[in-house]
There are 2 protein chains.
Amino acid sequence: MTRTKASEIERENSSDKIEKILQGSKQEFLAHGYTGASMDRVAVAAGVSKATIYSHFQDKEGLFKALIEQLARKRFESIFGAQTLEGEPNIVLRQLLAKALTQMLEDSEFQAFQRVIIGESARFPELAQILFRCIAKPGSEIISQYLASRSELNIPDPDAMVWVLMGSIVHLVIAQEIMHGKEILPMESDRLINALTHLINKCGE
Amino acid sequence: MTRTKASEIERENSSDKIEKILQGSKQEFLAHGYTGASMDRVAVAAGVSKATIYSHFQDKEGLFKALIEQLARKRFESIFGAQTLEGEPNIVLRQLLAKALTQMLEDSEFQAFQRVIIGESARFPELAQILFRCIAKPGSEIISQYLASRSELNIPDPDAMVWVLMGSIVHLVIAQEIMHGKEILPMESDRLINALTHLINKCGE
DNA sequence: GTCTATAGAGGGATAGAC
DNA sequence: GTCTATCCCTCTATAGAC
């Protein structure tokens, strides 16, 4: 019986501590990056002692990797929870792009996650690759197959088209929010979405 | 007379030291990021003592900012050295996109620069914004005006189209090289360029 | 299992000699 | 202007008590 009931909320087992440590480390790593993060501050944020962290994780690197893998898994589930992709291409694609872009623009945790992954991609190339294995690859395959299945769209290279769509919206998030470019060179997401859907429509004419 | 002649190559003045320090700090900051960089290693790489660095720059932050500003200025000059943008749109745009993409894909220093700028964009938002002021904004204005001036292209929103073009190629560099995604989800630059030029052509039909 | 206390290394920055 | 030597702090990681 290791379940936590409301009546025994004071008692905590190891799994709870691990989750608390991961939550605390999320704050710290997403705010300061890998090198800038302090294990002392992780301990404070998690509400445990530093020694407890080291009893559950091998070292700072092990904790960082565990956190990133957990976050990537959660992102994957939240993105591909209920994507159907059926119906009129014009509407389906517009909704898909707009929804993905809006979610990314409004989710500052995602932006911090993306910033840290890119910033540490020299030290931890395998962590950046997890994003592609878990999110970009399955996502691009779904969209590419949809584009290919709709022959009226008349797209010569669906895989390349996915890179145009994905690249345009991901880059907008990186440029406008992550890099704070919106004050210098602003672009409304509606205009980008309109431009992309207009291009796809012209393809089929 | 502070010029350095070939006959007095041993003698160095302050300007030389400053340049050596910036060169040494480039290695260190681009390889390890701001927090991960060590002033001791900068001193070794530059061939000067740590105290000499602090006599020319206020602190680590000041040196980092000076370096990033220098690199941004150099990038700007190398990109907009000889861009004419005249002639048949189909050819001009294809060449422009292909050249920009190839240069970015082959320039690992640019990639490290981009990685560090993004990684530190939470701590130093003004540095990321320098990139937009010096590179993205002037570049996008040149391309946008070209697109608008060619009425046969029939582009409803040239500014938004620039974001599609720029976003697609910059994102490819980030995804394939900076984040090491090419082993997981590869995409050849030719196919992306073909897709983009095909879209632009369809617009005008 | 979890804590406090601390070891041991490396960080940024500076004083003082030359 | 430039160096060597050093200060003081924070860091990761662990030893030992409970």
Side-chain angles (χ1 to χ4, degrees), chain A residues 1-4 8-68 116 119-120 123-124, chain B residues 1-4 8-68 116 119-120 123-124:
Chain A
M1 286 293 284
T2 52
R3 265 186 315 127
T4 301
E8 53 188 12
I9 209 162
E10 296 294 320
R11 292 214 34 223
E12 289 169 353
N13 58 32
S14 289
S15 303
D16 293 330
K17 291 263 159 139
I18 290 178
E19 196 49 44
K20 279 173 68 180
I21 293 169
L22 284 169
Q23 281 297 317
S25 74
K26 184 169 82 179
Q27 275 188 242
E28 183 65 15
F29 281 124
L30 292 191
H32 302 105
Y34 175 75
T35 316
S38 149
M39 294 297 271
D40 288 82
R41 288 196 297 262
V42 171
V44 172
V48 300
S49 77
K50 227 179 357 171
T52 301
I53 298 176
Y54 283 98
S55 77
H56 289 288
F57 299 91
Q58 200 190 359
D59 52 16
K60 187 183 184 181
E61 191 173 319
L63 174 59
F64 182 64
K65 288 182 179 174
L67 172 71
I68 298 298
V116 171
E120 305 295 345
R123 193 190 307 259
F124 302 110
Chain B
M1 286 291 285
T2 53
R3 266 187 314 129
T4 300
E8 54 188 12
I9 209 162
E10 296 293 320
R11 293 213 35 224
E12 290 169 352
N13 57 29
S14 289
S15 303
D16 293 332
K17 292 263 160 143
I18 290 178
E19 196 49 45
K20 279 172 70 179
I21 293 169
L22 284 169
Q23 280 297 317
S25 75
K26 183 170 81 177
Q27 273 188 242
E28 184 65 15
F29 282 123
L30 292 191
H32 302 104
Y34 174 75
T35 316
S38 149
M39 294 298 271
D40 288 83
R41 286 196 298 261
V42 170
V44 172
V48 301
S49 77
K50 224 177 2 167
T52 301
I53 299 177
Y54 282 98
S55 77
H56 289 287
F57 298 91
Q58 199 189 0
D59 51 15
K60 187 184 184 182
E61 191 173 318
L63 175 59
F64 182 64
K65 288 181 179 173
L67 172 71
I68 298 298
V116 171
E120 305 295 345
R123 192 190 307 256
F124 302 110

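Throughout, protein chains are lettered first and strands after them, A, B, ... in sequence-line order, and every chain is numbered starting at 1. Side-chain atoms are counted along with the backbone in the values below, which use heavy atoms only and exclude waters and symmetry mates.
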(message) Quick check on the helix from C:dG1-D:dC18 to C:dC18-D:dG1: what's the angle between its two end axes, five base pairs per end, to the nearest 10°?
(response) 10°
(message) Give the residues of residues 27-55 of chain A touching DNA chain C, defined as any heavy atom closer than 4.0 Å, sorted by residue number.
(response) A:Val48, A:Ser49, A:Ala51, A:Thr52
(request) Would you kindly give the NZ-to-P distance between B:Lys60 and C:dG10, to the nearest whole Å? (result) 15 Å
(message) Please list all pairs meeting salt bridge (Lys or Arg N to Asp or Glu O under 4.0 Å) that have one or both residues in residues 49-60 of chain B, counting only residues at least two apart or in different chains.
(response) B:Asp40-B:Lys50
(request) Could you tell me which residues satisfy side chain to side chain donor-acceptor pair (under 3.5 Å) with B:Ser49, sequence neighbours excluded, listed by chain and number? (result) B:Thr52
(message) So, using side chain to side chain donor-acceptor pair (under 3.5 Å) as the criterion, who are the partners of A:His56 when residues are at least two apart?
(response) none
(message) Run the side chain to side chain contact (heavy atoms under 4.5 Å, CB included) test against B:Ala66 and tell me which residues pass, sequence neighbours left out.
(response) B:Leu22, B:Phe57
(request) Measure from CD1 on A:Ile18 to C1' on C:dG1 and round the result to the nearest Å. (result) 12 Å
(request) Using atom NZ of A:Lys17 as one end and atom C1' of C:dT2 as the other, report the distance to the nearest whole Å. (result) 6 Å
(message) Going by side chain to side chain contact (heavy atoms under 4.5 Å, CB included), name the residues that satisfy it together with B:Gln23, two or more places apart in sequence or in a different chain.
(response) B:Glu19, B:Lys26, B:Lys74
(message) Rounded to whole Å, how long is the line connecting atom CZ of A:Phe57 with atom C1' of D:dT14?
(response) 18 Å
(request) Return the value, rounded to whole Å, for the distance between atom CG of A:Leu63 and atom C1' of D:dT12. (result) 13 Å
(message) Among residues at least two apart in sequence or on other chains, which ones pass side chain to side chain donor-acceptor pair (under 3.5 Å) with B:Ser38?
(response) none
(request) List in chain and number order the residues that pass side chain to side chain donor-acceptor pair (under 3.5 Å) with B:Gln27, two or more places apart in sequence or in another chain; answer none if no residue qualifies. (result) none
(message) Please report the interatomic distance CZ(B:Phe64) to OG1(B:Thr35), rounded to the nearest 0.5 Å.
(response) 8.5 Å
(request) Kindly say if A:His56 contacts the phosphate of C:dG1, meaning a side-chain N or O under 4.0 Å from OP1 or OP2. (result) no
